[in-house]
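Everything on this sheet refers to the single structure shown next.
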Amino acid sequence: MPDKTARNPLRDQRDRRLVRVAAPSALVLFGVTGDLAKKKLLPAMYDLANRGLLPPSFALVGFGRRDWSHDQFRDVVRESVESYARTPFQEDVWRQFASGIRFVRGEFDDDQAYEALKSTLKELDVHYGTRGNHAFYLSIPPKAFETVCHKLADHGLAHHEKASGWRRVVIEKPFGHDLESAAELNAIVERVFPADSVFRIDHYLGKETVQNILALRFANQMFEPLWNARYVDHVQITMAEDIGIGSRAGYYDGVGAARDVIQNHLLQLLALTAMEEPLSFDAHHMRAEKAKVLAAVVVPGDRAAYSALGQYDGGLQGGQHVKAFHQEQDIPADSRTETYAALRVDINNRRWAGVPFYLRAGKRLGRRVTEVAVQFKRSPNLLFGDNGHEDLGQNVIVIRIQPDEGVTIRLGSKVPGTQSEIRDVTMDFGYGHSFTESSPEAYERLILDVLLGEPPLFPNHEEVELSWRILDPFEECWAAQEIMPEPYAPGSWGPAGADELLARDGRVWRRP
């Protein structure tokens, strides 16, 4: 039998004609010892190399406090790649990839370390052919952004007029904890790097199914004419996890579900779902349309009534006993941090006037799922009368982001038989069934776009600040009214208050 994992030179040649390969470059990874680097970033870079999307003269430079030699760091990277890479490990690919791996030891504020980094990058430019193209990936706590950016500038590593090649910086979320801190962070970074050289990572935007929202809407004539307030009743955007906070207590306590995912992931999904068609996939056009939607979002006057907070309780989930949030390690017994948040917003423009958007995110819920559900208005059913179900004719388009990527459409159909009885049926499209090639991991796409200098999938500072303008009024309301998160059972779909939120509008949450 042929080896399905073997590389096909003809296919590789075809793919290279369709997909751009990054230019010679070096990526400096700050925070190289963290879980994100180990499980996502390092494997993603190897996978790109394995797919033929990185040039032979691509270099990876780790920056950290560990007392590692270049060879020891190569061993660390190899262990990460062998454990977490999505493509088969191939020795020839690894040897080429590993030849460009270097490590620089130092603290974020260590001037000598930045001089060593400068020397390392110069050596790679001269002897390895990286041509002065340098990307700096800051997978570090936000409080360290200012120090690292200023040190890069002080030592001539950031963008300046006489520098050869390009300089880019990549920032992981969170982008601040409110509007004021986000604006301050944006100002700090953009004092060192030009705005078009700053890449703010939201890994959800690298997922194929997120990008498929645009294809579904604008490449299919059957959907776009119905994608408006005349036909759509409401939209539900859900990000549910079936796990607890795990080892993230140090980050999560004081942040909560709303700041962690609603401000960035879910509001970006809202923008893509509701935006007008951009003139092109150019970053300027894409960002302009998303910003228009976010600027048009209005929050309800009674924000306490149109939001809900929860904390998961202890109990049985999946046959195992799990801890309550307050019992997790390093979580104070009086913590008011929410592990579940739901809220309603509206969009004040002609397309969406009167259509509520409901956003919810939480941990220890019924299953792991992220989806956008566009629910249409009820059909009059004049022909079928009372022969159908109560919700008959309320069609739904569900865009499944993860884990079962695809699209489901719910519609009414006649039940076989002599009576005119109507039942709901579904039409389903799954990526795994329709395409033989698996989708690239989100970080693969985003890292490649950084190296190519293509920023359409990265939110700019305006989008970040507009998102905080939406969430801040809710956060201020919860703090001012000292709203305590409501307990909910693990494995459920959140607190009773979330159901009441939709019940006020005569609606219910759909069960993913």
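- The main-chain N or O of Gly254 is found under 3.5 Å from a side-chain atom of Thr337 such that the two form a donor-acceptor pair.
- In terms of modelled atom types and a separation under 3.5 Å, the side chain of Asn349 and the main chain of Trp352 share a donor-acceptor contact.
- Between Asp428 and Arg400 there is a side-chain heavy-atom pair separated by less than 4.5 Å.
- Around CZ of Phe223, the count of heavy atoms belonging to other residues, nucleotides or ligands within 6.0 Å exceeds 12.
- Contact annotation: the side chain of Ser467 never approaches that of Asn264 to less than 4.5 Å [non-hydrogen atoms, C-beta and beyond].
- Remark: Glu277 pairs with Phe218 by the side-chain contact (heavy atoms from CB on, under 4.5 Å) rule, at least two apart or across chains.
- Annotation: Arg230, atom CZ; neighbour count of heavy atoms from other residues, nucleotides and ligands within 6.0 Å does not exceed 12.
- Phe376 places none of its side-chain heavy atoms less than 4.5 Å from the side chain of Leu411.
- No donor-acceptor pair closer than 3.5 Å links the side chain of Thr370 to the backbone N or O of Ile401.
- At distances below 3.5 Å, at least one donor-acceptor pair connects side-chain atoms of Trp468 with backbone N or O atoms of Phe175.
- Side chains of Phe97 and Asn50 form no contact here, defined as non-hydrogen atoms less than 4.5 Å apart.
- More than 12 heavy atoms of other shown residues, nucleotides or ligands fall within 6.0 angstrom of atom CE in Met484.
- Side-chain contact check for Arg510 and Gln375: no donor-acceptor pair (N or O, by modelled atom type) lies under 3.5 Å.
- With hydrogens and angles ignored, the 3.5 Å screen pairs a side-chain donor or acceptor of Ser80 with a backbone N or O of Lys38.
- Classification of Arg445 and Asp449 as a salt-bridged pair holds, one side-chain N sitting under 4.0 Å from a carboxylate O.
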- Query: Can you list the steps and then say if Glu463 with Arg287 is a side chain to side chain contact (heavy atoms under 4.5 Å, CB included)?
  - Reply: CA-CA 8 Å; Glu463 292 174 66; Arg287 289 167 165 175; 3.2 Å; yes

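- With Glu462 contributing its side chain and Ala291 its backbone, the two residues share no donor-acceptor pair below 3.5 Å.
- Between Trp478 and Phe474, the two ring planes are tilted [angle within 30° to 60°].
- In Asn348, the CG atom is not crowded: 12 or fewer heavy atoms of neighbouring residues, nucleotides or ligands sit closer than 6.0 Å.
- Nearest heavy-atom pair, Ile347 versus Ala274, reported as atom, atom and distance to 0.1 Å: CD1-CB, 3.6 Å.
- Across all their heavy atoms, Ala22 and Leu448 have their closest contact at CB-CD1, 4.0 Å.
- Within the 4.5 Å cutoff, no side-chain heavy atoms of Tyr137 are placed close to those of Val450.
- Surrounding CZ of Arg469 are at most 12 heavy atoms belonging to other residues, nucleotides or ligands under 6.0 Å away.
- With Asn220 contributing its side chain and Leu216 its backbone, the two residues share a donor-acceptor pair below 3.5 Å.
- Residue Val355 comes nearest to Val232 through the heavy atom pair CG2-O, 3.5 Å, listed as atom of the first residue, atom of the second, then distance.
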- side chain to side chain contact (heavy atoms under 4.5 Å, CB included) evaluation trace for Val299 with Tyr306: CA-CA 9 Å; Val299 300; Tyr306 282 100; over 6 Å; no

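- At distances below 3.5 Å, at least one donor-acceptor pair connects side-chain atoms of Arg303 with backbone N or O atoms of Pro300.
- Across Trp493 and Arg360, no two heavy atoms sit closer than the pair CE3-NH1, 4.3 Å.
- Tyr443 and Asp47 share no donor-acceptor pair across their side chains, judged by distance under 3.5 Å alone.
- For Glu224, the salt bridge (Lys or Arg N to Asp or Glu O under 4.0 Å) partners at least two apart in sequence or on another chain are Arg217, Arg351.
- A 4.5 Å side-chain heavy-atom check between Leu42 and Leu29 finds at least one atom pair inside the cut-off.
- Contacts of His285 classified as side-chain contact (heavy atoms from CB on, under 4.5 Å), with partners at least two apart in sequence or in another chain: Pro278, Leu279, Ser280, Asp282.
- Side-chain atoms of Val21 and Phe58, non-hydrogen and from C-beta on, never get closer than 4.5 Å to each other.
- Gln327 CD: more than 12 foreign heavy atoms inside a 6.0 Å radius.
- Under the 3.5 Å distance criterion, the side-chain polar atoms of Ser181 are matched with a main-chain donor or acceptor of His177.
- Under the 4.5 Å side-chain criterion, counting only non-hydrogen atoms from C-beta, Phe357 is not in contact with Val297.
- Contacts of Asp233 classified as salt bridge (Lys or Arg N to Asp or Glu O under 4.0 Å), with partners at least two apart in sequence or in another chain: Arg507.
- Gln317 and Pro490 make their closest contact through OE1-CB, 3.8 Å (heavy atoms, listed as atom of the first residue, atom of the second, distance).
- Under the salt bridge (Lys or Arg N to Asp or Glu O under 4.0 Å) criterion, Glu328 pairs with no residue at all, not counting sequence neighbours.
- Classification of the Phe89-Tyr46 ring pair by plane angle, with boundaries at 30° and 60°, yields parallel.
- With sequence neighbours excluded, the residues that form a salt bridge (Lys or Arg N to Asp or Glu O under 4.0 Å) with Arg200 are Glu190.
- Side-chain contact annotation: Arg168 with Ser197, donor-acceptor N/O pair under 3.5 Å absent.
- A donor-acceptor distance shorter than 3.5 angstrom exists from the side chain of Gln311 to the backbone of Ser335, with no hydrogens or angles considered.
- Here the shortest heavy-atom pairing between Ile245 and Tyr252 reads CG2-CD2, 3.7 Å.
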